[in-house]
Each structure stands twice: as structure tokens, then as C-alpha cells.
Number of protein chains: 2
Amino acid sequence: MQIRNNIRRLLQYRMCLIRFRELGFERVYSYSLGREAGVSPEQIRKDFSRFGIKGNKRGGYLISELLDSLNYIFGKNELQDVILIGVGNIGMALARYNCGFFKRRKYIVAGFDIDPSKIRKINEIPVLPMEVMPRFVKENGITVGIMAVPAISAQEICNMLVNAGIKGIMNFAPIVLKAPREVVIENINLCNVLESVIYCANYARDDLGVLEC
Amino acid sequence: MQIRNNIRRLLQYRMCLIRFRELGFERVYSYSLGREAGVSPEQIRKDFSRFGIKGNKRGGYLISELLDSLNYIFGKNELQDVILIGVGNIGMALARYNCGFFKRRKYIVAGFDIDPSKIRKINEIPVLPMEVMPRFVKENGITVGIMAVPAISAQEICNMLVNAGIKGIMNFAPIVLKAPREVVIENINLCNVLESVIYCANYARDDLGVLEC
DNA sequence: ATGGTTATGTTATTATTTTCACAAAAAGTG
DNA sequence: CACTTTTTGTGAAAATAATAACATAACCAT
């Protein structure tokens with residue numbers, strides 16, 4: 001039972017709905033939302049159905065109600081604290097973006113780094129030495145961490161996080177992390193993503209005519 | 001015919017193979033590579049098969065040969081120039097990471113921004129005003145761009161890129177870009193990714209027992 | 001009211017992806 | 001040199017996901 005894709009789409013729908021609301025719309029239809037989100041209307045109805053979200057026959061969906069439902073699903077109202085491990089290029093950018101996360105009620109409450117020169121505040125976020133991480137996680141009930149560390153130390157740090165009680169990791173290190181099944185790991189390899197776009201844009205077109213990519 | 005997933009996995013395999021090589025290994029087996037890449041052995045053989053990559057019955061795969069094949073597929077040898085639009089938080093981080101891209105023969109050759117205060121060099125990369133982008137793209141035969149701009153201006157900039165002749169876009173703006181079918185677009189919404197990890201880590205576990213996420 | 005229209009919700013169908021299963025080739029062994 | 005073991009490569013089967021189809025409810029106009 002794999003629901004990660006559903007969830008990702010729901011989040012995308014929410015993003016579009018927020019824009020629709022800002023534009024002053026009150027209602028959406030699976031058709032209009034689908035066009036905005038780049039998804040088929042049937043897919044949207046299926047996704048909603050799966051999470052028990054109901055619309056109005058003939059009347060589409062009330063944006064405010066939809067957003068309420070989605071926010072309920074994703075726990076919008078509670079502020080969710082996360083930590084950041086590794087305050088290099090990417091880590092720094094994420095720390096600086098924190099107010100963007102905050103709008104969605106996600107908040108980087110602390111950064112951690114092995115490098116002592118990084119131990120300072122960045123954008124109001126305290127950056128602490130790696131050693132205090134486990135205690136911080138336990139004391140603050142942190143369940144999710146963002147890893148932006150070099151590949152070489154990534155698995156070790158992942159183990160530390162798991163031992164400290166972390167249940168989900170968003171990983172930017174170019175390595176496939178190994179962790180117990182119950183820990184959710186999302187590996188984001190920006191280099192690979194760029195490379196796949198380059199490949200699809202340049203090479204994958206004249207192979208067999210229509211190589212959807 | 002959808003091959004984006006295959007490609008993504010191949011890139012992941014390559015990443016693992018590079019590590020294996022660094023560790024001094026000469027051969028891999030679908031089994032060992034699979035464990036490292038978090039993929040089943042059959043999947044690996046299928047992926048290789050699809051791209052005409054052959055191994056040795058009983059002898060597995062020679063890492064050097066595999067890497068040659070993969071580098072051939074992904075055009076490792078030619079240096080691929082890309083441009084960056086938007087030099088804010090994320091854009092800056094990517095520009096600073098350029099040497100990492102360079103190792104893979106991908107290189108951000110220029111950044112562009114509307115904000116005049118951003119017009120300067122970052123990490124050897126010239127940042128130019130937005131207006132000169134189309135000419136730059138045409139004169140340098142750029143086919144792929146990275147967008148790290150605010151959502152509000154994203155679609156407009158996407159259109160500019162497409163008009164200038166760009167064939168692939170890696171987009172960090174929180175919006176689903178619309179472009180002609182032949183233009184490859186990869187939307188990366190970091191906020192949504194984080195949120196999906198949080199959801200899977202915190203909520204999706206006690207629903208039906210085994211909610212694989 | 002009542003009939004027509006429209007958009008949902010869900011079932012059925014199709015397509016895609018992954019896993020399974022096994023034949024065939026290579027390498028080792030006695 | 002036969003025999004066993006091991007690992008690939010691929011066709012068949014199973015599982016998943018996406019699309020199509022359509023019955024049903026709500027709304028609107030007459």
C-alpha cells in the first residue's frame with residue numbers, strides 16, 4: 001500500500017488551491033484544479049475519494065472547505081518543529097528559507113554541524129554542535145530532520161538520528177540512506193535530478209519518436 | 001512510454017557504482033548493487049536490459065564497464081552548460097555548489113536575476129540582468145535552465161525560457177509550470193517534500209497497520 | 001414541478017510497473 | 001570433462017496506478 005504519491009499530489013492541490021483563493025475564487029472543479037495542478041480530473045477525484053474528501057455534485061468543491069480538509073489531514077494547525085543537520089550551502093539556504101516553511105507551520109528550530117565555525121545563529125536559528133543533537137531531539141520531541149551533509153558522513157549521521165528517535169528524514173546527501181523500515185526517508189539528489197532533466201531534454205527525444213519523459 | 005523513473009534509478013546506480021569503485025571494488029552483482037541503491041535485483045537487471053547494458057552471466061558486472069555505459073548514456077564526457085534564473089536563497093546555494101555539478105560535467109555558466117543588486121559574480125558565475133537571457137541562451141546553445149524564482153513570476157519566466165529555446169527546466173518555484181509537451185519540466189517543491197515526510201513520519205502509521213509510505 | 005444539464009463519486013477497464021520464475025551461460029570443482 | 005553452483009536476462013504473472021465510463025445527485029430554467 002503505497003500512498004506517497006497520493007500525498008504528494010494532495011500537497012500540490014493544496015498549493016494550487018491557495019493560489020486560487022488568493023485570486024478570489026470560491027469554488028474549484030476537478031477539471032479546473034486538474035488543469036492547474038497538471039493532473040487529470042479523474043485522478044483528483046480519486047485522490048480526494050481516498051482521503052474521504054467530498055465535494056458537491058454539480059457544484060464542485062468549495063475552496064475553503066477543501067483547504068480545511070487538507071489542512072486537517074496534514075496537521076496544518078499544530079506547528080511542526082524540525083531540525084537541520086549540516087549548515088553548508090544547501091543547509092544554509094533552507095535555514096534562510098525558514099519563514100517560507102513557517103507559513104506552512106513547519107519550522108526549523110535548530111541546526112547542527114560538526115564544524116565549530118558554523119556554531120552561531122543563522123536567521124534566528126541556533127546552530128549547535130552535533131553532540132547535543134540526540135539530547136535536543138529527545139527533549140523537544142523532534143520527529144523529523146533535514147540532512148544536508150556530505151555523502152561521506154551521511155549514513156553515520158542518519159544512524160545517530162534514528163537512534164535519537166527521529167522518524168522521518170529529508171536527505172540531500174548524494175547517497176541512499178539505509179534505515180529501519182519504519183523510518184521514512186526521502187532522498188533528494190539535486191545533481192541527479194538536474195542530470196535527468198538534461199537527459200530528457202537533450203537525448204530522449206529522437207529515439208523512438210514519442211519517448212514521454 | 002514513461003522512462004523518467006528508469007533514468008532516475010540509473011543515475012542512482014551510477015552514484016552507488018562510483019562509491020563502490022572508490023572503495024576498491026571491481027565487480028558488482030545485481031544483488032549487491034540493489035542493496036546499496038535500495039532497489040530489488042530484478043529491477044536493476046530490467047533497467048539495464050532496457051538500456052541495452054549487458055553483464056556477465058555468473059560474473060556480475062564490471063564496475064568500470066558499467067560506468068562507461070552509464071556515462072555514455074548520460075553524455076558524461078561533453079560538458080553540459082546550464083543557466084540559473086533567480087539568485088535568491090536556493091539559487092545562491094546551487095551556484096555555490098557548482099563545483100559539485102562540475103564533477104558530473106554539468107556547469108552553471110550564468111545566473112540571471114531581475115533584482116539589479118544581484119548583478120555581480122557569485123562563485124565565478126556571472127549574474128546578468130534578466131533581459132539578456134534570451135540572447136545568452138541562443139548564442140550559447142543552452143538547452144536547460146534551473147529556476148529558483150518566486151512563485152509569482154515563475155510562469156512568466158518559464159514562458160521566456162521556452163521562447164528562448166530552452167528544452168528542460170528544473171523548477172524550484174512552488175507552482176506547477178505549464179509548457180508545451182516537448183519541454184521537460186521537473187517541479188521540485190521542497191516545502192511539499194518536507195511536508196510529505198512529516199506526514200508519513202507522524203500520521204500515516206497507525207491507520208491500517210502497514211501503511212507503506 | 002419537471003426535465004435537462006453538469007460535475008461528482010465509484011466501478012470497470014486498461015496500462016504500467018514490479019516481482020516472480022526459470023532457462024541459459026559462465027565459472028568453479030573433483 | 002561432466003557436474004554443480006551462481007548470476008544474468010527475459011518472458012509470464014501479479015500488483016499498482018491511471019483512465020474511462022457511467023450512474024447519481026444537485027442545480028437551473030422553463
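Reminder, nothing fancy here: chain letters follow the sequence lines and each chain counts from 1. None of these values were measured; they are calculated from a predicted model.
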Working for side chain to side chain donor-acceptor pair (under 3.5 Å), residues B:Asn56 and B:Tyr61: CA-CA 6 Å; B:Asn56 313 96; B:Tyr61 304 83; over 6 Å; no

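Nearest-nucleotide assignment on DNA chain C puts the 5′-proximal partner with A:Arg58, out of A:Phe48 and A:Arg58. When each of A:Gly59 and A:Glu42 is assigned the nucleotide of DNA chain D bearing its nearest heavy atom, the one mapping closer to the 5' terminus is A:Glu42.
Put simply, A:Lys54 has a side-chain N or O that comes within less than 4.0 Å of OP1 or OP2 on C:dT10. Contact annotation: B:Ser40 reaches the phosphate of C:dT19 (side-chain N/O to OP1 or OP2, under 4.0 Å). Between B:Ser49 and D:dT10 there is a side-chain polar atom (N or O) within less than 4.0 angstrom of OP1 or OP2. At the phosphate of D:dT16, neither OP1 nor OP2 sits under 4.0 Å from any side-chain N or O atom of A:Lys46. Taking 4.0 angstrom as the limit, A:Tyr61 places a side-chain polar atom (N or O) nearer than this to OP1 or OP2 of C:dG9. Residue B:Arg9 places at least one side-chain N or O closer than 4.0 Å to OP1 or OP2 of C:dT18.
Nucleotide C:dT8 holds its C1' atom 12 Å from the OH atom of A:Tyr29, rounded to whole Å. Distance, A:Arg45 CZ to D:dT24 C1': 13 Å, rounded to whole Å. Put simply, CD1 on A:Ile44 is 13 Å from C1' on C:dA7, counting in whole angstrom units. Atom-to-atom, CG of A:Asn56 to P of D:dC28 comes out at 12 Å; the value is rounded to the nearest Å. Distance CG (A:Leu62) to C1' (D:dA26): 14 Å, rounded to an integer number of Å. When rounded to the nearest whole Å, the span between CG of A:Asn6 and C1' of D:dA18 equals 11 Å. Between the CD1 atom of A:Ile53 and the P atom of C:dA7 there is a distance of 20 Å, given to the nearest Å. Atom CG of B:Asn5 and atom C1' of D:dA18 are 14 Å apart (whole Å).
With respect to the salt-bridge test (charged N to carboxylate O, under 4.0 angstrom), the residues A:Lys167 and A:Glu182 do not qualify.
Of the listed residues (A:Tyr97, A:Phe101, A:Phe102), just one forms a ring pair (Phe, Tyr, Trp, His ring centres under 6.0 Å) with A:Tyr107, and that residue is A:Phe102.
For A:Gln43, the side-chain atoms get nearest to D:dA18 when compared with the rest of D:dA18, D:dT5, C:dT8. Comparing C:dG9, D:dT8, D:dA20 by their closest approach to the side chain of B:Lys57 singles out D:dT8.
Side chain to side chain, B:Asn189 and B:Glu195 fail the donor-acceptor criterion of an N or O pair below 3.5 Å.
Rounded to the nearest 0.5 angstrom, B:Asn98 CG and B:Ile108 CD1 are separated by 4.5 Å.
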